[in-house]
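Counting starts at 1 for both ligands and their atoms, in listed order. Reckoned from all heavy atoms, side chains included, excluding hydrogens, waters and symmetry mates.
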Amino acid sequence: MATSTVENYVKQILLEQQRSEGTPVPMGKVATALGVVPGTTTTMAKSLADSGLVNYAPRVGVRLTDEGEKLALHVLRRHRLIELFLVKVLGLDWSEIHEEAEKMEHVISEAVLKRIDALLGYPTVDPHGDPIPTAKGKIDARSLENLSGSPVGKSLRIARITDQAPEFLQFIENNGLQPGAEIRVLEQNRIADTLTIKLGKGVNLTIGASAAKKILVE
Ligand SMILES: [Zn+2]
């Protein structure tokens, strides 16, 4: 069984790969995301390569092998199912579940995970709208537009929130912008770099472009 450190690395490499089509992921980027000192990552890259989980090109970066991707998808599956379980069943606030899931994802058994999956009705997305990989390791990889570039007047549905910092999630929740919310862009103000949206129930809200970029719509 992989250690939690190995699981965290392959999961983070997968998330970075999803953002960088086909190009190697620099280990420095992985280190920053994991909050570890960059110096230790070279050793880690070599060790992951020795275990057959990544292909590593020194000073360029890593790409997951098929085996590495399989492991990473499984860690992501555990993480996202646990997050949904914590919200739906235990009633935790969605801004506090990420940290809990970070710990639980490494210790949960396959049997318990299966029961959670069944209890939740075999869900396909977590509370942030992130796709949950299937038990066979398939993931919905469709790319969604972010709100900042959405045309004025079009009806949209919020699908995914990409920033999972607790403060940002609280802002999203306080304004009713969670996945599933129906919205429409009323105005794009290129000078102020803001956009004004209408929420389903009729409230108007003006948000900055940087916040809008973290909200994906369909
Ligand atoms: Zn999370």
Side-chain angles (χ1 to χ4, degrees), residues 2-20 25 29-36 53 64 68-110 112-135 137-144 146-147 158-181 210-218:
T3 64
S4 56
T5 309
V6 167
E7 291 189 341
N8 283 336
Y9 268 91
V10 293
K11 184 181 66 171
Q12 196 57 46
I13 294 167
L14 177 69
L15 294 173
E16 299 293 343
Q17 279 187 188
Q18 289 173 342
R19 287 187 273 261
S20 66
V25 176
K29 219 176 187 178
V30 181
T32 311
L34 290 174
V36 297
L53 297 171
L64 293 171
E69 188 176 300
K70 197 174 151 207
L71 174 63
L73 283 166
H74 200 261
V75 181
L76 209 55
R77 171 174 169 76
R78 286 182 240 147
H79 182 98
R80 291 178 175 170
L81 273 175
I82 289 167
E83 285 192 334
L84 192 63
F85 174 77
L86 292 174
V87 168
K88 285 259 163 112
V89 181
L90 299 189
L92 267 70
D93 190 87
W94 77 328
S95 65
E96 57 189 3
I97 54 176
H98 180 73
E99 286 310 313
E100 294 292 341
E102 282 289 302
K103 294 176 231 156
M104 292 170 70
E105 69 187 21
H106 306 296
V107 292
I108 192 166
S109 74
E110 205 46 42
V112 171
L113 194 72
K114 265 189 177 165
R115 292 296 288 267
I116 288 178
D117 192 23
L119 177 72
L120 296 172
Y122 308 101
T124 56
V125 289
D126 79 1
H128 309 111
D130 293 328
I132 299 173
T134 66
K138 293 262 173 296
I139 188 167
D140 175 4
R142 84 205 142 107
S143 59
L144 298 161
N146 74 62
L147 182 56
I158 293 176
R160 201 168 166 182
I161 306 297
T162 59
D163 183 347
Q164 302 188 358
E167 316 78 63
F168 190 71
L169 292 176
Q170 268 148 21
F171 159 79
I172 290 291
E173 187 172 5
N174 292 343
N175 288 291
L177 297 172
Q178 281 157 299
S210 68
K213 285 199 176 93
K214 301 169 183 173
I215 301 171
L216 305 189
V217 293
E218 56 190 2

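The pair R80-E83 fails the salt-bridge criterion, with no side-chain N (NZ, NE, NH1 or NH2) lying under 4.0 Å from an Asp/Glu carboxylate O.
Within a 6.0 Å sphere centred on NZ of K214, other residues, nucleotides and ligands contribute more than 12 heavy atoms.
Nearest N/O/S atom of H98 with respect to the Zn ion (ligand 1) is recorded as ND1. Restricting E83 to its N, O or S atoms, the one at the least distance from the Zn ion (ligand 1) is OE2.
Distance alone, capped at 3.5 Å, is enough to place a donor-acceptor pair between the D163 side chain and the A165 backbone.
Distance check for D126 against the Zn ion (ligand 1): none of its N/O/S atoms falls below 2.8 Å.
Smallest separation of non-hydrogen atoms from L64 and Q17: N-OE1, 2.7 Å.
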